[in-house]
Amino acid sequence: KSGFGQLKDAYNLFDKMLRCRPLFSVVNFTQLLSGVVRMKEYGSGVILYRKMCMLGLPINVYGVNIVMNCFCYLNRVDMGFAMLGCLFKLGYKPDEVTFTTLINGLFKGNRIKDAMELFLKLVIGKVCEVNEIIYGTVIDGLCKSGNTSKALELLRLMEKKGSVKPNIVMYNTIIDSLCKDRKVSDGLQLLSEMVVNGIPPDILTYNSLVRGLCSFGRWEEVKQLMMDMRNASVYPVVVTFNILIDGFAKEGRMKEAEDMLQIMVEKGESPNTVTYNTLMDGYCLRGEMEEATRVLRTMLASGCEPSIQSYSILLNGYCKNRKVDDAIDLFKRLSSEGLASDVVTFNIMIQGLFEVGRCADAMKLISEMHAQGESPSITTRCIVLNGLCKNGFVSEAQLLLCEMENKGISLH
RNA sequence: GAUAAUGCCGCGUAC
């Protein structure tokens with residue numbers, strides 16, 4: 001009904017539902033689909049939808065919208081738009097959810113202009129209701145594509161005219177983006193504005209600002225903000241503590257980071273995977289690998305499931321502290337335990353190998369990465385180019401650079 | 001009764 005532990009459970013339920021007579025309703029099948037998507041199994045969502053189509057099961061605009069969303073998260077907005085055809089064939093019209101999903105997909109695919117065009121069409125023509133979620137989606141898309149000032153302009157416009165007024169999500173989105181753009185003071189300014197406009201900040205607002213202040217070492221203001229939170233009866237959650245722990249850890253202040261963990265537990269918040277990852281990274285930065293592995297053991301003992309990021313942090317720690325062989329051991333154990341490395345894991349290992357001059361091994365890992373279906377990122381290319389150059393393979397690096405230029409790959 | 005917007009951790013170069 002709500003969530004599945006595993007994909008298998010979802011498919012088992014699907015089979016059971018198929019055998020049941022009378023047949024389950026559209027709503028039940030849509031709920032199943034939604035459950036799969038909630039696990040972030042977007043590819044499986046598409047497959048499930050196709051099965052449902054082939055079996056002639058009932059589908060309505062809810063289901064199609066869900067599948068569109070899957071395509072968007074798979075970075076296939078084009079397929080999302082193709083779903084419009086299916087929608088019409090089924091006799092439905094796209095609604096505001098459909099369009100929000102597509103706008104979101106366009107932004108995620110970095111098609112900012114197309115997203116804005118579609119948005120303007122909705123606003124001008126009476127295609128569908130233009131609600132606050134659509135505005136919120138556009139503001140988020142603008143922010144996350146590096147156009148925070150445009151997002152702010154839109155917010156200002158909404159304050160002045162139009163039926164949709166700025167809400168807390170929009171303020172939070174822009175405040176977060178300002179902080180990430182290193183404009184923390186502008187973020188704080190917007191915070192006072194939202195208060196004036198009668199929109200009290202929530203924990204997400206504070207988290208963004210606390211993170212911004214921490215990352216610039218503005219600890220006095222962090223303290224002040226935490227007191228403001230308390231006075232506003234907004235209480236820190238695990239993410240807040242993780243941000244504070246990370247702030248200390250990045251400055252190498254592990255004693256204070258551990259104290260913060262203690263405080264967090266006393267306040268009744270349980271540490272999660274990110275909490276442990278953050279602590280591990282802090283110790284790795286200080287070269288204290290035995291402390292880092294101690295944290296990993298604590299995490300395992302507490303029943304917290306390490307993520308691939310947990311291991312990447314450790315691998316990075318080993319590599320940066322001249323312990324590549326330990327990294328290789330751990331890396332091998334990962335694949336034998338069936339934990340899939342992602343592109344960052346590979347990047348860390350490739351760089352580690354280049355740095356100790358093991359170029360052939362590094363290149364081998366690149367093939368392995370391809371074999372596992374991971375595409376190299378911009379960072380991968382930089383690491384390889386840099387690695388080749390530093391090891392005297394300048395002409396090879398040039399060759400690679402040419403290839404990239406021919407393929408139209410930019411390093412920015 | 002089912003679908004859409006906001007917060008935390010890992011990798012590079014240069015500065």
Side-chain angles (χ1 to χ4, degrees), chain A residues 1 25-35 37-38 60-70 72 95-105 107 131-141 143-144 167-177 179-180 202-212 214 237-247 249-250 272-282 284 307-317 319-320 342-352 354 377-387 389 411-412:
Chain A
K1 215 168 190 170
S25 69
V26 208
V27 176
N28 299 127
F29 281 106
T30 312
Q31 282 169 328
L32 177 76
L33 189 58
S34 162
V37 175
R38 235 175 289 141
N60 60 18
V61 62
Y62 285 74
V64 176
N65 285 343
I66 293 171
V67 178
M68 277 188 170
N69 204 18
C70 289
C72 291
D95 60 11
E96 62 274 18
V97 177
T98 317
F99 287 116
T100 313
T101 305
L102 290 172
I103 289 174
N104 205 1
F107 274 119
N131 59 22
E132 49 181 9
I133 299 188
I134 302 193
Y135 278 93
T137 304
V138 169
I139 287 177
D140 183 57
C143 284
K144 297 226 163 44
N167 66 17
I168 188 165
V169 174
M170 304 173 197
Y171 277 108
N172 285 351
T173 306
I174 298 182
I175 288 174
D176 184 66
S177 196
C179 290
K180 287 181 176 143
D202 66 4
I203 187 61
L204 300 205
T205 324
Y206 285 111
N207 284 345
S208 295
L209 289 163
V210 168
R211 182 182 173 280
C214 282
V237 295
V238 55
V239 173
T240 322
F241 289 108
N242 289 347
I243 290 168
L244 291 167
I245 291 171
D246 188 52
K250 289 284 190 296
N272 62 15
T273 302
V274 175
T275 316
Y276 293 114
N277 289 355
T278 306
L279 284 168
M280 279 199 296
D281 194 44
C284 287
S307 59
I308 185 58
Q309 297 197 29
S310 315
Y311 292 108
S312 294
I313 287 167
L314 275 181
L315 291 171
N316 191 41
C319 288
K320 294 282 147 65
D342 65 10
V343 59
V344 177
T345 320
F346 279 108
N347 288 349
I348 289 165
M349 291 305 297
I350 291 166
Q351 163 151 261
F354 269 126
S377 61
I378 303 295
T379 304
T380 315
R381 297 172 211 283
C382 281
I383 289 170
V384 174
L385 286 174
N386 190 46
C389 289
L411 281 177
H412 309 284

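Residue numbers begin at 1 in each chain, while the letters A, B, ... track the order of the sequences.
- In this structure, CG of Asn347(A) is placed 11 Å from P of U13(B), rounded to the nearest angstrom.
- As rounded to whole Å, 12 Å separates atom P of C11(B) from atom CG of Asp342(A).
- Proximity of Gln351(A) to the phosphate of G12(B): a side-chain N or O atom is located under 4.0 Å from OP1 or OP2.
- In this structure, the side chain of Asn207(A) does not engage the main chain of Val210(A) through any donor-acceptor pair within 3.5 Å.
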Glu132(A) vs Asn167(A), test: side chain to side chain donor-acceptor pair (under 3.5 Å). Steps then yes/no. CA-CA 8 Å; Glu132(A) 49 181 9; Asn167(A) 66 17; 3.0 Å; yes
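- Judged purely by atom type and a 3.5 angstrom limit, Thr380(A) uses its side chain to pair as donor or acceptor with the backbone of Ser377(A).
- When rounded to the nearest whole Å, the span between CG of Leu33(A) and P of G1(B) equals 19 Å.
- In this structure, the CZ atom of Phe354(A) is 15 Å from the P atom of G12(B), given to the nearest Å.
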For nucleotides 2-7 of chain B, read 5' to 3', which letter fits each nucleotide if B means a protein heavy atom sits under 4.0 Å from the base, S means only the sugar-phosphate is that close, and - means neither? BBBBBB
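- At whole-Å resolution of the value, CG in Asp281(A) and C1' in C11(B) are 11 Å apart.
- Between Arg211(A) and Asp246(A) no salt bridge is recorded (no basic side-chain N to carboxylate O distance below 4.0 Å).
- Thr345(A) comes within 4.0 angstrom of a base, heavy atoms only.
- When Thr101(A), Thr173(A), Leu102(A), Ile103(A) are each tested for a side-chain contact (heavy atoms from CB on, under 4.5 Å) with Thr137(A), only one passes: Ile103(A).
- One can place CD1 of Ile308(A) at 12 Å from C1' of C11(B), the figure rounded to the nearest angstrom.
- Listed for the Asn104(A) side chain is no donor-acceptor partner under 3.5 Å among the backbone atoms of Phe107(A).
- The CG-P distance, from Asp246(A) to C8(B), rounds to 11 Å in whole Å.
- Separating the CG atom of Leu385(A) from the C1' atom of G12(B) is a distance of 10 Å, rounded to the nearest angstrom.
- Within the 4.5 Å cutoff, no side-chain heavy atoms of Asn242(A) are placed close to those of Asn277(A).
- Taking only side-chain nitrogens and oxygens, Lys250(A) never comes nearer than 4.0 Å to OP1 or OP2 of C8(B).
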